[in-house]
2 protein chains.
Amino acid sequence: MPQETFFNLPNDKRNLIITAAMEEFSKSNYNSASINQICKKSKIAKGSFYQYFTDKLELYVYIMTLAIEEKIKFFSSAIAEFHTLTLFEQFRLLFLKGMEFAKMHPQYAALGEQFSKENDGTAKAAVIKEGDKQAEALFIQLIEKAKRRGEIDDYVDSFALSLLLQSLNSAVIKYMLGQFGNDGYKNKEEELNHFVDSLLSIIFNGIQKKIK
Amino acid sequence: MPQETFFNLPNDKRNLIITAAMEEFSKSNYNSASINQICKKSKIAKGSFYQYFTDKLELYVYIMTLAIEEKIKFFSSAIAEFHTLTLFEQFRLLFLKGMEFAKMHPQYAALGEQFSKENDGTAKAAVIKEGDKQAEALFIQLIEKAKRRGEIDDYVDSFALSLLLQSLNSAVIKYMLGQFGNDGYKNKEEELNHFVDSLLSIIFNGIQKKIK
DNA sequence: TGACAATGTGACCACCTGGTCTTACAATAT
DNA sequence: ATATTGTAAGACCAGGTGGTCACATTGTCA
């Protein structure tokens, strides 16, 4: 957590620092990200920075925590209504929400992308601390429940399916981040929806030609 | 390409440099990887290094090219017999070969992993140059052919399926690299085979409960 | 043996890094 | 008016970076 001096700052200045740090950490990994650049961008002196944060790691953890909190907040409403949905609808919602999140908060999504590529073990561990593997746990939970409801075949390997969904999810987000940012992604809504449906159709129906 | 002085080197010395560079580039990304460390590890002077390579980028491209060539060589025999196989068998072979490659050449696989995470656009572009998207092209080609043979349903979105397979492929390799390297992975053959079959079963048969 | 070219060497360069520390300033309390 | 406190500031530090260069060493041919 930052020092209190940081929270005593006028909102504008504090937000400027946060913005600058987010830009830097979504552009470069932990080692390559530069405190000097963040100071320059947010127009504060080096000495001031070290009165707000004890070191680089504290800033990194703080920024990542902000992104994670935002994402949880964004998804919580969707997850709340999960119990009323079939597994297909649950996955669909998860994918679409993920894409919507990346569209609405590309900065946060980019931070997440960068974090997933992070090499520095210390930095990664400091962010994760305890509650990691949430995504995997969530997927597996949904799958097992659907099995019990008889929605999907028992022979499906829950872990394999969970891994598949996770990697697919991140691939889609990465693909989206690549597409957006440059040109406008408006009016692509329909196209994206269709794409998600194609993916889910494969997973649910398989690709093998059915014998009729 | 390295300078001729590099190729005039005795094999031992040249290989030592290559090994050291591979270790460094698979541990750190382009920016963080250190020429000084590579020199120290391979016991050559800084000045000598710059007689073999004009700059860091040349070394990086050279090392990555070696890894790519090795991978292509490794896969080429498998791809040669593709026309005799069904799509399911093709995918299965591709996955198993990929895992075998990561097992036999963890160093090369780690280099590939690091490259997929690379932030530095210049370094990435220098390695890719023209012939990227080979994996995607290969997958799509296989899928389209299988469609024409009537092996899989026409309604399957080729691009979606290709993205699914790619992301799955990298996830499996990443999972394997995480497992191996530390403890021995011997005797895990059966477990890995089963895992691949689970994944392929999902893709081919779907997860939805069949009405009998 | 001597001359010449090729190669090895590490001190050195400018620049950048995360982090410190002394000084300067502003506001408040006495 | 003075002392105390909280903060802004940026010069400075040790250490690392990619890259250079003058010099030492070696090998080869005459």
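Only this structure's heavy atoms are used, side chains among them; waters, hydrogens and symmetry mates stay out. This is a predicted model, so every value here is computed, not measured. Proteins come first, then strands; the chains are lettered A, B, ... in the order of their sequence lines, and each starts at number 1.
- The side chain of B:Thr5 lies closest to C:dT7 when the candidates are C:dT7, C:dG8, D:dG18.
- Distance A:Lys13 NZ to D:dA9 C1': 10 Å, rounded to the nearest Å.
- Per the geometry, CD belonging to A:Gln3 stands 16 Å off C1' belonging to D:dA8, to the nearest Å.
- The CD-C1' distance, from B:Gln51 to D:dC21, rounds to 11 Å in whole Å.
- Between A:Leu59 atom CG and C:dG19 atom C1' there is a gap of 14 Å when expressed in whole angstrom units.
- In terms of phosphate contacts, B:Lys56 brings a side-chain nitrogen or oxygen within less than 4.0 Å of OP1 or OP2 of D:dG18.
- Counting only heavy atoms from C-beta on, B:Ser48 has its side chain closest to C:dG8 among C:dG8, D:dT7, D:dG18.
- In this structure, A:Ser34 reaches the C:dT17 phosphate: one of its side-chain N or O atoms is under 4.0 Å from OP1 or OP2.
- In this structure, A:Lys46 atom NZ and D:dC12 atom P are separated by 14 Å, rounded to whole Å.
- OP1 or OP2 of C:dT7 sits under 4.0 Å from a side-chain N or O of B:Asn8.
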Scan nucleotides 23-26 of chain D against the protein and return all N/O pairs shorter than 3.5 Å with their distances rounded to 0.1 Å.
none

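- Taking only side-chain atoms of B:Ala45, from C-beta outward, the nucleotide of C:dG18, C:dG10, D:dT17 with the closest atom is C:dG10.
- Listed pair A:Tyr50 / D:dA8 fails the phosphate criterion, with no side-chain N or O lying under 4.0 Å from OP1 or OP2.
- The cationic atom of B:Lys97 (NZ for Lys, CZ for Arg) lies less than 6.0 Å from the six-membered ring centre of B:Phe74 and within 45° of the ring axis.
- Checking C:dG8, D:dA8, D:dT17 against the side-chain heavy atoms of A:Tyr52 singles out D:dA8 as nearest.
- Between the OH atom of B:Tyr60 and the C1' atom of D:dG18 there is a distance of 17 Å, rounded to whole Å.
- Residue A:Leu9 has its side chain nearest to D:dA8 when only D:dA8, C:dT9, C:dT20 are considered.
- A pairwise comparison of heavy atoms in B:Leu85 and B:Glu89 identifies CA-OE1, 3.4 Å as the closest pair.
- A:Lys117 and B:Asn119 are linked by a side-chain donor-acceptor pair at a separation below 3.5 angstrom, with hydrogens and angles left out of the test.
- The separation between B:Ile35 atom CD1 and C:dC16 atom P is 18 Å, rounded to whole Å.
- Between A:Phe49 and A:Phe53, the distance separating the two ring centers is shorter than 6.0 angstrom.
- Rounded to whole angstrom, the span from the CG atom of A:Asn31 across to the P atom of C:dT17 amounts to 12 Å.
- For the residue pair A:Asn36/A:Lys46, the side-chain donor-acceptor check at 3.5 Å is satisfied.
- Mapping B:Glu4 and B:Gly47 onto DNA chain C by nearest heavy atom places B:Glu4 at the nucleotide closer to the 5' end.
- Between A:Tyr62 and A:Tyr52 there is no side-chain heavy-atom pair separated by less than 4.5 Å.
- Considering every non-hydrogen atom in both A:Ser170 and A:Glu113, the closest pair reads O-OE2, 4.2 Å.
- Of the N and O atoms on the side chains of A:Glu23 and A:Gln37, not one donor lies less than 3.5 Å from an acceptor on the other residue.
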